[in-house]
2 protein chains.
Amino acid sequence: MNIVEISKVLANQTRVNILKWLKNPEANFPPHQEIDHFDDGVCVGFIQDKTGLSQSTISTYLNSMQNANLVIPTRHGKWTYYRRNEEVIQAYFKALKEEL
Amino acid sequence: MNIVEISKVLANQTRVNILKWLKNPEANFPPHQEIDHFDDGVCVGFIQDKTGLSQSTISTYLNSMQNANLVIPTRHGKWTYYRRNEEVIQAYFKALKEEL
DNA sequence: TCCACATATCTATATTTTTAGATATGTAAA
DNA sequence: TTTACATATCTAAAAATATAGATATGTGGA
């Protein structure tokens, strides 16, 4: 558990917002075309629309979040869905509380 | 409680180290000349020595940590002592757990 | 196979952060 | 009231991050 690496991800409001939104996809995103649930998370396009930033920026952000193990990608056909990695997020809270 | 602002402070290993060291000053710093306790924390010079970074850099770091309310400065004569602001640190943990 | 679409990666620029040297300020002691 | 010391602030350069346009890659359908 690398506190600094994860803190870097959280040091940006958009990335924090993405994590918050993914906590409750039903409330924050429209339904997907080919899937009627959010079990694997939300596709990149929806996240991009909600942030208003460019496609490449969001892809970069999601990549950095994935490198820190905060999100998990799943490919479904043309789309990549991202969901929170709750285990790592909880482990981060625990590490902060214990180490910091 | 601004998650992003505090995360920016924690997005640097030296600043995280300083917070960790200040948790247990007796174990991490030599005793002060004019005071025989760490109730108000540790003077800037000791922190600088332990990090190996320049005086201006450490002063800048401590200033950013103070702006985020993570540490509290106290002046004693020529020295400024810094200690952790446990209330804000705990509030940050709580905010992360609830909001993130 | 060719095309359209979703996403990832590459490239480049703007902004922010890191870092230290120089200088300023505040304090205590001579 | 000058001097020495501890710390803060200013200035500037290097490094990292943010951001987007262009291009590449992977996928499903015509």
Side-chain angles (χ1 to χ4, degrees), chain A residues 2 4-19 22 25 29-35 38 40-68 70-83, chain B residues 2 4-19 22 25 29-35 38 40-68 70-83:
Chain A
N2 188 331
V4 171
E5 186 194 13
I6 292 187
S7 295
K8 282 185 183 178
V9 170
L10 302 183
N12 174 287
Q13 190 63 61
T14 298
R15 290 189 297 258
V16 168
N17 287 342
I18 291 171
L19 280 175
L22 290 181
F29 298 97
H32 288 124
Q33 294 185 329
E34 311 200 346
I35 303 187
F38 290 100
D40 288 325
V42 178
C43 69
V44 177
F46 284 0
I47 297 171
Q48 186 202 329
D49 289 347
K50 200 163 172 82
T51 61
L53 294 175
S54 75
Q55 185 268 324
S56 68
T57 297
I58 295 306
S59 187
T60 301
Y61 280 6
L62 289 169
N63 185 256
S64 73
M65 295 164 79
Q66 181 191 339
N67 285 338
L70 289 170
V71 294
I72 298 168
T74 307
R75 186 105 197 196
H76 280 268
K78 289 192 290 186
W79 296 274
T80 307
Y81 296 70
Y82 283 89
R83 69 180 190 276
Chain B
N2 187 333
V4 171
E5 186 195 13
I6 293 188
S7 295
K8 282 185 183 179
V9 171
L10 302 183
N12 175 288
Q13 189 64 59
T14 298
R15 290 189 298 259
V16 168
N17 287 343
I18 291 172
L19 281 176
L22 290 181
F29 299 98
H32 288 122
Q33 294 186 330
E34 311 199 346
I35 302 186
F38 290 101
D40 288 327
V42 179
C43 71
V44 177
F46 284 181
I47 296 171
Q48 185 204 327
D49 289 346
K50 200 163 172 80
T51 60
L53 295 175
S54 75
Q55 184 269 323
S56 69
T57 297
I58 294 307
S59 188
T60 301
Y61 279 6
L62 288 169
N63 185 256
S64 73
M65 294 165 80
Q66 180 189 340
N67 284 338
L70 289 170
V71 295
I72 299 170
T74 307
R75 186 103 196 196
H76 281 267
K78 289 191 290 186
W79 296 273
T80 308
Y81 296 70
Y82 284 88
R83 70 179 188 277

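Below, chains carry the letters A, B, ... as their sequence lines are ordered, and counting in each starts from 1.
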Determine: side-chain N/O of B:Arg15 to OP1/OP2 of C:dT18, distance under 4.0 Å, yes or no.
yes
Measure from CG on B:Asn67 to P on D:dT9 and round the result to the nearest Å.
9 Å
Between A:Arg75 and A:Ser54, just flag the one whose closest nucleotide in DNA chain D comes earlier from the 5' side.
A:Ser54
Mind checking B:Ser56 for me? I need base, sugar-phosphate or nothing, with any heavy atom below 4.0 Å counting as a touch.
base
In whole angstrom, give the distance that lies between atom CD1 of A:Ile35 and atom P of C:dA6.
14 Å
A:Glu34 CD to C:dC5 P, in whole Å, measures 14 Å
Report the distance from atom CE of A:Met65 to atom P of C:dT7, rounded to the nearest whole Å.
15 Å
Tell me which nucleotide among C:dA20, D:dT27, D:dA8 gets nearest to the side chain of A:Lys78.
D:dT27
5' priority, DNA chain D, between A:His76 and B:Thr60 [closest heavy atom]
B:Thr60
For B:Cys43, is there any backbone N or O sitting under 3.5 Å from a side-chain donor or acceptor partner on B:His32?
yes
Is A:Leu22 close to A:Phe38 at the side-chain level, that is, under 4.5 Å between some pair of heavy atoms?
no
Whole-Å distance, B:Gln13 CD to C:dT17 P, equals 18 Å
Between P of C:dA8 and CD1 of A:Ile58, the distance in whole Å:
11 Å
Any donor-acceptor pair under 3.5 Å linking the side chain of A:Asn17 with the backbone of A:Gln13?
yes
So B:Leu62, base contact, sugar-phosphate only, or nothing? Heavy-atom distance under 4.0 Å.
nothing
Does B:Asn63 place a side-chain N or O at less than 4.0 Å from the phosphate oxygens OP1/OP2 of D:dA8?
no
Could you tell me whether the phosphate oxygens of D:dA18, OP1 or OP2, come under 4.0 Å of any side-chain nitrogen or oxygen in A:Asn12?
yes
Among C:dT7, C:dT18, D:dT9, the one nearest A:Thr80 by side-chain distance:
C:dT7
Check: C:dA20 base within 3.5 Å donor-acceptor of B:Gln55 side chain
no
Measure from the side-chain N and O atoms of A:Arg75 to the backbone N and O of A:Gly77, and report whether any donor-acceptor pair falls under 3.5 Å.
yes
Under 4.0 Å between any heavy atoms, over every strand shown, what does A:Tyr82 touch: base, sugar-phosphate, or nothing? Just pick one.
sugar-phosphate
Euclidean distance, atom CD of residue A:Gln33 to atom P of C:dT7 [Å, nearest integer]
10 Å
Gap between atoms NZ and P, on A:Lys8 and D:dA16 respectively (whole Å)
9 Å
Less than 4.5 Å apart, any side-chain heavy atom of B:Phe29 and any of B:Ile47?
yes
Minimal heavy-atom distance between B:Asp40 and B:Tyr81, with the atoms involved, is O-CB, 3.2 Å
Does D:dA18 have OP1 or OP2 sitting under 4.0 Å from an N or O in the side chain of A:Thr57?
no
Of the options C:dA6, D:dT7, D:dA6, whose atoms approach the side-chain atoms of A:Trp79 most closely?
C:dA6
